[in-house]
Amino acid sequence: MDIQEQVKQAIQQAISALFDTTLDEVALQPTKKEFEGLYTFVTFPLTKTLRKSPIEIGQAIGTYLQENTTVVSHFNVVQGFLNLSIADSAWLDVLNDILAEPDFGQLPTKGQSVMVEFSSPNTNKPLHLGHLRNNFLGDAVSRILKANGYDVVKTSIVNDRGIHICKSMRAYQLFSNDASGQPETPESSGMKGDHLIGKYYVLFDKAYKAQIEELVAQGMPKEEAEKKAPLMLEVQEMLRKWEQGDPETVTLWRQLNEWVYAGFAETYQKIGVSFDKTYYESNTYVLGKEVVEEGLQKGIFYRKEDSSVWINLTEEGLDQKLVLRSDGTSVYMTQDLGTTDLKYDDFHNDRQIWVVGNEQDYHFAVLFAILRRLGRPYANGLYHLSYGMVDLPSGKMKSREGTVVDADDLIQEMYDTAEQRTRDLGKIEDFNSAEAQQLYHMLGMGALKYFLLKVDPKKRMLFNPEESVDFQGNTGPFIQYTHARIRSVLRKAEQNGLQPEKSVSAVAMHPTEQQLVYLLSQFPQRIAEAGDDYAPSYIGQFAYELAKAYNQFYAEVSILSEPDPIKTQLRVTLSALVAGTIRKAMQLLGIDVPEKM
RNA sequence: GCAUUCGUAGCUCAAUUGGAUAGAGCACCUGACUACGGAUCAGGAGGUUUGGGGUUCGAAUCCCUACGAGUGCACCA
């Protein structure tokens, strides 16, 4: 079925028939645009064993393929490169195979399950640009893994407790009363809950810094001032009260968090992200101490004189790491050990993936090493999907310096831009206002998601606001536009009584048509690679290449005014298939595509 | 200081994992049948892949080195 496989096997055959030897693996690469052909076989590696020139080998294999196969129609040899052209009949076979597959793009089930943990926000501030990259990545990877045949469980662990939450709470207690003595609420202020709480987090920081400065002015060293500032002491006291279950503190904590969750829910809804299970750190932070006990018993951990517990990971190239404080309380690692067990107990996933920024690379290296030492059955299925930070042209984002790009603001900005562009072009006069709003949202989110997902996750990236609202070239809206354009052609075709068919008949093909079939045939493989590498960027690139190739095809051949009905039929069918595949690919990125725009 | 990731056109990113003359988009020039949607297409210009060594038929990719940048090195999360 797969042309590439056919060609590879044919080459194996040729080599054994011609030279009486075999090659472990035949590697094919796409032929460069400047040369004729589709696949290229590099003959250099054979020169040593065969003691023949690369050109000679190329000629011999090429001739053999042309004479003995139906796939290869002709060939040319340039230096050590054998360029192979594929016969139209083979292309049509491929096309018909794809058309016969109802779930094209859905790979067979793997019989395995994966948990993807992402988003995991703090409840002391609203989401920003960095969170968006995380959310889009986690969501897209989940979709891609599903397409790869895995059962996927999406989870988030909400960081809803701890000293930073107490900071917002304390500031709220101190500063939230308005002139009439009423505390501010989302309703009274008209602010989204997460933004409201974020405001108090910033207020805390300001007031705290002012106290430090005052103490320093009185002659206290800065380090001491940071620890002894009254606000800091109050917040620590508040955390103690929270842990003891003090009713007043817990009530306030509940109230503020609820407001934040309402705000988050709104944002998640807008970006189309959801979870199968949400964990709360207020429940899980106590976990992990039994794991420490277990590790001690197994002799994997050791206790120091001050009774703190450690593990020595120098054999793995890591350091010694603390897993329990000397006062017996947990650290971050303790919790994660316990939580990982919990997640496994809940779902028994074959694999667990964490979408977390690359500043935690070391933490996860240690976590995985410990779990391997403990002999956890799932230890080899753990993966940290580490992604780079998002920089701004002005430099790094810093919450406290107010240089963060707020997620809600950004989404609104993209929406506004989409609306402006659409109005300028004036193509949707027949839309009612609800339809128009839906379109603006679809385009705005498409631009934003594509912009953040087209870059390799591992790399840090630059977010240039001007480029992000660009709707031309390698952008989400360009791909969405191509889809809308095809749908328009298909509507018109239908008016002419033409429908896409389930199969196409033999006919001479245009190079742009061959190119389209070739790209389409690559889709399953690209999904597999994107799954293996956890790289939504592969899918983005695929969608872009497919859209570009279609526009090229569109510019070079005529679909509806083509005189030959068989060619028209092929082109209508191919168009429908491309539109469907673009939609599927974009869906893997969590991006919707419109019928009109 | 130690560990780790990275450095590709003016800018943002690719490069099938060691293959041909390193490709796209943006920006900048030049064109496109009265057209099935111009949010498009075709073409031009733009590169010593940070510098210097090495490995081999062949290097942006692997090794060494210098320079530059990010991140991590808490009994924080």
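First the proteins, then the strands, lettered A, B, ... as listed; each starts at 1.
- Across all strands shown, A:Ala484 has heavy atoms under 4.0 Å from base atoms, whether or not it also approaches the sugar-phosphate.
- Rounded to a whole angstrom, the distance from the C1' atom of B:rU49 to that of B:rG43 is 26 Å.
- Side chain A:Asp456 to base B:rA15: no donor-acceptor pair is found below 3.5 Å.
- An aromatic stacking contact links A:Phe44 with the base of B:rG19, defined here by ring centres under 5.5 Å apart and ring planes under 30° from parallel.
- Looking at which nucleotide of RNA chain B each of A:Thr31 and A:Arg421 is closest to, the 5′-most match is held by A:Thr31.
- B:rG23 and B:rU61 have their C1' atoms separated by 15 Å, given to the nearest Å.
- When the P atom of B:rU71 is taken as reference, atom OH of A:Tyr362 falls 19 Å away, rounded to whole Å.
- Under a 3.5 Å cut-off, the side chain of A:Ser156 and the backbone N or O of A:Ser120 do form a donor-acceptor pair.
- When heavy atoms are screened at a 4.0 angstrom cut-off, A:Thr422 is found touching base atoms of the nucleic acid.
- The nearest whole Å value for the distance from the OH atom in A:Tyr332 to the P atom in B:rG72 is 13 Å.
- Proximity of A:Lys492 to the phosphate of B:rG37: a side-chain N or O atom is located under 4.0 Å from OP1 or OP2.
- Here A:Ile559 lies in heavy-atom contact (under 4.0 Å) with a base.
- Heavy atoms of A:Asn122 sit nowhere under 4.0 angstrom from any nucleic acid atom.
- An OP1 or OP2 oxygen of B:rA14 is reached within less than 4.0 angstrom by a side-chain nitrogen or oxygen of A:Lys459.
- For A:Arg491 and A:Glu494, the salt-bridge test fails: no basic side-chain N is under 4.0 Å from an acidic carboxylate O.
- For the C1' atoms, the distance from B:rA22 to B:rC13 is 14 Å, rounded to whole Å.
- Counting non-hydrogen atoms under 4.0 angstrom, A:Lys427 reaches a base of the nucleic acid.
- The side chain of A:Leu560 lies closest to B:rC36 when the candidates are B:rG38, B:rC36, B:rC76.
- If you take CG of A:Asn358 and C1' of B:rU71, they are 6 Å apart, rounded to a whole angstrom.
- Judged by distance alone, the side chains of A:Thr482 and A:Tyr554 never bring a donor and an acceptor atom under 3.5 Å apart.
- Stacking annotation: A:Tyr544 is not stacked on the base of B:rA24 (requires ring centroids less than 5.5 angstrom apart and an interplanar angle below 30 degrees).
- Under the Watson-Crick or G-U wobble criterion, with both distances below 3.5 Å, B:rC62 is paired with B:rG54.
- With a glycosidic angle further than 90° from 0, B:rU8 counts as anti.
- For A:Val455, the listed nucleotide lying nearest its side chain is B:rA14; candidates were B:rA77, B:rG37, B:rA14.
- A:Glu545 comes within 4.0 angstrom of no nucleic acid atom, judged by non-hydrogen atoms across all strands.
- Rounded to whole Å, atom P of B:rC73 lies 14 Å from atom CG of A:Leu322.
- Distance, A:Gln480 CD to B:rU40 P: 13 Å, rounded to whole Å.
- In this structure, B:rU21 makes no Watson-Crick or G-U wobble pair, since no nucleotide meets both defining distances under 3.5 angstrom.
- In terms of phosphate contacts, A:Tyr554 brings no side-chain nitrogen or oxygen within less than 4.0 Å of OP1 or OP2 of B:rC41.
- Using a 4.0 Å heavy-atom criterion, one finds that A:Ser558 contacts the bases of the nucleic acid, with or without backbone contacts as well.
- In this structure, A:Pro30 reaches the bases: a heavy-atom distance under 4.0 Å links it to at least one base atom across the strands shown.
- Look at A:Arg460 and you won't find any side-chain N or O under 4.0 angstrom from OP1 or OP2 of B:rU12.
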Pair A:Phe553, A:His510 - check ring pair (Phe, Tyr, Trp, His ring centres under 6.0 Å), show working.
CA-CA 9 Å; A:Phe553 156 80; A:His510 189 269; 7.7 Å; no
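- Here B:rU16 presents its C1' atom at 14 Å from CG of A:Asp532, a figure rounded to the nearest Å.
- Shown here, B:rC67 forms a base pair with B:rG7; the pair counts as Watson-Crick or G-U wobble because both key distances fall under 3.5 Å.
- Under the Watson-Crick or G-U wobble criterion, with both distances below 3.5 Å, B:rC28 is paired with B:rG44.
- Listed for the A:Thr329 side chain is no donor-acceptor partner under 3.5 Å among the backbone atoms of A:Arg325.
- Of the candidates B:rG19, B:rU40, B:rA39, the closest approach to any side-chain atom of A:Gln29 belongs to B:rG19.
- Nucleic acid contact for A:Asn551: sugar-phosphate only, since backbone atoms but no base atoms lie under 4.0 Å from a heavy atom of the residue.
- Within 4.0 Å of A:Glu316, counting heavy atoms only, lies no atom of the nucleic acid at all.
- If you check the side chains of A:Asp533 and A:Tyr538, you find a donor sitting under 3.5 Å from an acceptor.
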Verify ring pair (Phe, Tyr, Trp, His ring centres under 6.0 Å) between A:Phe478 and A:Tyr481, making sure each step is shown before the conclusion.
CA-CA 5 Å; A:Phe478 166 81; A:Tyr481 164 79; 7.2 Å; no
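- The residue A:Val557 sits close to a base: some heavy atom pair falls under 4.0 Å.
- Taking both residues in full, the closest heavy atoms of A:Met461 and A:Phe451 are given as CE-O, 3.7 Å, listed atom of the first, atom of the second, then distance.
- Side-chain contact, A:Thr40 with A:Asn83: a donor N or O sits under 3.5 Å from an acceptor N or O.
- Here A:Asn464 lies out of heavy-atom contact (under 4.0 Å) with every strand.
- Nucleotides B:rG52 and B:rU17 have their P atoms positioned 28 Å apart, rounded to a whole Å.
- Pairing partner, B:rC2: B:rG72, with both Watson-Crick or wobble hydrogen-bond distances short of 3.5 Å.
- Using a 4.0 Å heavy-atom cutoff across all strands shown, A:Met461 reaches sugar-phosphate atoms only and no base atom.
- Side-chain proximity of A:Lys548 to B:rG25, B:rC76, B:rC26: nearest is B:rG25.
- A straight line from CD of A:Gln552 to C1' of B:rG43 spans 13 Å, rounded to a whole angstrom.
- A distance of about 12 Å separates the C1' atoms of B:rA60 and B:rA14, rounded to the whole Å.
- Between A:Glu359 and A:Tyr538, the residue anchored closer to the 5' end of RNA chain B is A:Tyr538, taking for each the nucleotide with the nearest heavy atom.
- B:rC13 atom P lies 24 Å from atom CZ of A:Phe542, rounded to whole Å.
- As judged by a 4.0 angstrom heavy-atom cut-off over every strand, A:Asn83 is placed among the base-contacting residues.
- Base pairing of B:rC36: no nucleotide in any strand meets the Watson-Crick or G-U wobble criterion (both distances under 3.5 Å).
- Comparing the C1' positions of B:rC41 and B:rG25 gives a spacing of 15 Å, expressed to the nearest Å.
- Partner of A:Glu234 under the salt bridge (charged side-chain N to carboxylate O under 4.0 Å, His left out) criterion, out of A:Lys167, A:Arg170, A:Lys228: A:Arg170 alone.
- A donor-acceptor contact under 3.5 Å links the side chain of A:Thr40 to the base of B:rA20.
- Between A:Gln360 and B:rU71 there is no side-chain polar atom (N or O) within less than 4.0 angstrom of OP1 or OP2.
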